[in-house]
Every structure is written in C-alpha cells, then in structure tokens.
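First comes the structure, then the notes that go with it.
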Number of protein chains: 2
Amino acid sequence: MTEKKKTAKRTRRPLTEIRQENIDQIVKAAEKQFADNGFSGTTVSSIAEAAGLPKPNVLYYFKSKEGLYRAVLKRILELWMEAMHDLHAEDHPREALRGYIVRKLRQSRDFPDASKIFAAEILHGAPYVREELEGPLKRQFDDTVAVFRAWIAKGWMDPVNPEHLLFTLWASTQSYADFALQMKVLLGREELADDDFDNAIELLTRLVLKGCGVKMV
Amino acid sequence: MTEKKKTAKRTRRPLTEIRQENIDQIVKAAEKQFADNGFSGTTVSSIAEAAGLPKPNVLYYFKSKEGLYRAVLKRILELWMEAMHDLHAEDHPREALRGYIVRKLRQSRDFPDASKIFAAEILHGAPYVREELEGPLKRQFDDTVAVFRAWIAKGWMDPVNPEHLLFTLWASTQSYADFALQMKVLLGREELADDDFDNAIELLTRLVLKGCGVKMV
DNA sequence: CCATCTTCTGACCATTTGGTCAAAAGGTTA
DNA sequence: TAACCTTTTGACCAAATGGTCAGAAGATGG
C-alpha cells in the first residue's frame, strides 16, 4: 500500500540529503513499530513498509535489526536525560518540582513511543541499556537525589526519602504514556485531552508539594 | 538439560493429578517466560523446556501459544482485581488508603511477573485484554472512584481528582514490579529488600494522605 | 488381563524472518 | 562524457518457530 512515487520524488536530490532523510524515515518508522509491538514482535519488513522502502534498503542503512533498535534506544535515552535537567538546589522546590512534573508529563504526551520502548526495555531486563543505566542515568539520579537532600537540609521540604520520591515522580508521570490506553478506556475518552493532562499536573503537584510539606502558595 | 527422570517419577499417579500438575507447571513456566521476553519473544520450546516437558506435550494441554498466553492473562487479571477490593466508603481513608498501598506493593513484590505481563500487554495496545478493561476493570475503577468521591463528600479528604488519584496509586505501586530492575541498579542493590518496600510504603502513604489532606494521626 | 481412554513424544512440515548478494540505477566529479 | 561513488531492489537462503500427527506408553475400569 505504499503509493508514494519514490523515483519521481527522489530525482535530483543530493546524496547526503537522501541519506539523512532515509535514515530519519527509518528511525521514525522503527520507533513506532517497536513501541507498538516490542523488539521481537517487530519485523524488519514492517519497518521497511512503514518507511516506504524495500527491506534490503533498511538493512543497507542499519546493518541489523538489533543495530536499528540500538540506534532508536540511543535517541530515546538522550531525550530521557534532558527532562531531568533543571532541578537545582538553589531553586525553590515549589517551582522546581512543578516544572519537573509539567516537563515530564509533556514528554509523556509528546513522545509516548519513546516512553513505551524504554519501559518495555526495562521490563524485559534491560538487555540493551544496562550500561546506560549504570553510568549516565545513575549519575543523573544521584545528582537529583542530592538536590532533594539539599532542599530538605534547607528546611524547604520535609525529610522524605529522596530516592523513592524520585521513583514516584517517574512512575506517575511516565504512566501517562505507558498506560495511556488503560486511562483512555477507564475515562471513556477517545484520546487523552489537554484537560486530562491539566488534571494530572494539578493532582501530582498537589500530592508532591503538599505531601512533602512544601508550601504551595 | 532436562535431567528429571520423568518416567520414574510419574509412575503410579492418577491421571487427574498428572493433568493438574502438568498444567500448573506449564502455566508457571509460561508466566516467567512471557514476563521476561514478552509474547513474541517467547517460544513454545522455551516454555516446554522450563516446564520440563517436550514441546508437543505443551501444545497438547494448550492448543496454541496464544491459548496459553490467554490462560496466563486470565489468572493475572483475577489476581489484579483482588487487590482493588476492600476500599469502602465507610472506612476512613487514613487506614483504607494505607492498606491499599501496602497490598498493592506486596503484590508487586510477590508477583512481579504478573505485573510485568499486564504492563507489557497494555503497553502494546492490550490486544488480548481490551474486553476485560472495558468490562470488569472499568466497573472496579468506577466503584473505587465512587469511594473516593464519598470520602471527599464526607470531608475526610480534600477535593482532589479521584480518577487521577487512582492512576497515581496504580502507577507508583506497580512500578515497584515493572521497574524493579531500574530501582535495583540506581539504588545499588542486588535485590530490593524489605527495607526498600517499607520506605516505599512510608513515602507513598505520606504523599497520598498528606497530599489529599487526610489527617495522618 | 483386556479394552479403552488419556498422556507422551520423535519426526516432520509450512511459514516467517533476519540477513545476503549481485546487479541495476542514480548521483558525483573531473 | 567517462570513471567512480552511493543507493536501490528482486531474488534468494538458512535458521527458527508454531503447529501437526501417528503411534508408543501409561492409566483406568471391568
């Protein structure tokens, strides 16, 4: 069902551009497929079809299915680490935590496939991201936990367990991507609307700030 | 590597018992495999091997891989619904919510595979549990939400969004099964210990009760 | 002990799938 | 335009996998 007249469209484009565009197309298609069907459930053919290319062409750019998956994962992990930035000990948790929640929820809304792929990867034993977990992500984790401790030391926050607080923040925000389907069904929505995300922001912010003894103002 | 001398061991056992034991063995092995590798990533052979039976024997009890998966899912869903019971409008949220959190966390600790299979199923579009979601689970959901509303009406709880409160409870407790690996790595633990679960109970209870304006005593 | 039912299992098969390859086609550069 | 890249693609292959089947082995009831 790939109706695009590729040959016609591709005439006269420089090679570098072709390469970049094809790779983008493939990665994008792969992300969707992997999110929907998991690594094992995804076939190279289905990715190729979704990208509008013949299968060997996909294997031409990425040596193997695993290589493609790794490439997709890499992109995702970078996106992942971004949202964790901008939590600083100097900022007051009142704004910092709300901002973090907003950012994480936005990520769940805008990049649900990334979240799903990451979740499935962890779920199944993190065979491809073990190292990233132990290295960069752990550092980020420790830094963020340190910020929480600093807030506690300054009396800006009750002495709650900082590690588990961060786990809870991750879990509750990420679930708006991973379990969006369940939420849709249970809320009787066709799609999660902005309203739903606003409600999520409000509830989560309230639970965290009030629950940790941060004045909400 | 299946070293069990089956023939010797199986002599003299009545048929019904054999049947029951084999089915149990198979389902148990399947649950592990599906949790670790997902539906597509699991082979009937691997289940058979883990159950200590030849492959055709597995297909003898369950007509197909899909049939076996459905059987596993059914068990899981029943387990699932159980923990949601025992939230009643008459009870005070102070004890009821803590009890719920404890129960859910215990479930994550004791049956992580069930949780993982369910999570993966939702993640990938719930192809096999759509109906259960729309039927029994939605009813349970609505009932629980109604309990929250009743608490709010009685002034036992601040007027928070009850649907999202339940989502958050689910997400944060379930993550102790689904993302246990990530937690282990980030906490530098070999395994999650009782202490970790105690900390989780304390933090979650605090966030929810204090965050929702329930007096903690 | 015999007839009958259930369980077990090696051998086999059709399909799917990741991956290869050679050759054609398109693009680049002098 | 000619020599030399890179990209595209149909045809093909070996391995893995879900599932079948016929017949052996075990259990049951009279």
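Order of the sequence lines sets the chain letters (A, B, ...), proteins ahead of strands, with each chain counted from 1.
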Between A:D143 and A:R139, is there a side-chain N and carboxylate O pair less than 4.0 Å apart? no
Please figure out whether A:Y61 or B:V44 has its closest DNA chain D nucleotide nearer the 5' end. A:Y61
Considering only heavy atoms and no angle criterion, is a donor-acceptor pair shorter than 3.5 Å present between the side chain of A:K55 and the base of C:dG18?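 Counting by modelled atom types and ignoring angles, a donor-acceptor contact under 3.5 Å is found here.
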Does the plane of the ring in A:W170 sit parallel, tilted or perpendicular to the ring in A:F167? Use 30° and 60° as the thresholds. tilted
For [X] and [N], give me the distance from atom [atom1] to atom [atom2], rounded to whole Å.
| X | N | atom1 | atom2 | value |
| --- | --- | --- | --- | --- |
| A:I23 | D:dT8 | CD1 | C1' | 15 Å |
| B:I26 | C:dT9 | CD1 | P | 11 Å |
| B:Q33 | D:dT17 | CD | P | 12 Å |
| B:L68 | D:dT17 | CG | P | 16 Å |
| A:K63 | C:dG19 | NZ | P | 12 Å |
| B:F39 | D:dT17 | CZ | C1' | 12 Å |
| B:Y60 | D:dC21 | OH | C1' | 14 Å |
| B:F62 | D:dG19 | CZ | P | 13 Å |

Looking only at side-chain atoms of B:T43, point me to the closest of D:dT9, D:dT17, C:dT17. D:dT17
Looking at C:dG19, D:dG19, D:dA11, which one has an atom nearest to any side-chain atom of A:P56? D:dA11
Any cation-pi pair here, A:K65 with A:F39, using under 6.0 Å and within 45°? yes
Check the phosphate of [N] against [X], side-chain N and O only, distance under 4.0 Å to OP1 or OP2. Yes or no?
| X | N | answer |
| --- | --- | --- |
| B:R19 | C:dT6 | no |
| B:N57 | C:dT9 | yes |
| B:N22 | C:dC8 | yes |

What closest approach, in Å, do A:E121 and A:Y128 show between heavy atoms, and which atom pair accounts for it?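 Closest pair (atom of A:E121, atom of A:Y128, distance): OE2-N, 2.6 Å.
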Pairs where residues 199-208 of chain A contributes a residue and the test side chain to side chain donor-acceptor pair (under 3.5 Å) is met, not counting sequence neighbours: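 Of all non-adjacent pairs touching residues 199-208 of chain A, those that pass side chain to side chain donor-acceptor pair (under 3.5 Å) are A:R206-B:D158.
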Looking across every strand, which nucleic acid part, if any, lies under 4.0 Å from A:T42 by heavy atom: base, sugar-phosphate, or nothing?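 Touches sugar-phosphate only.
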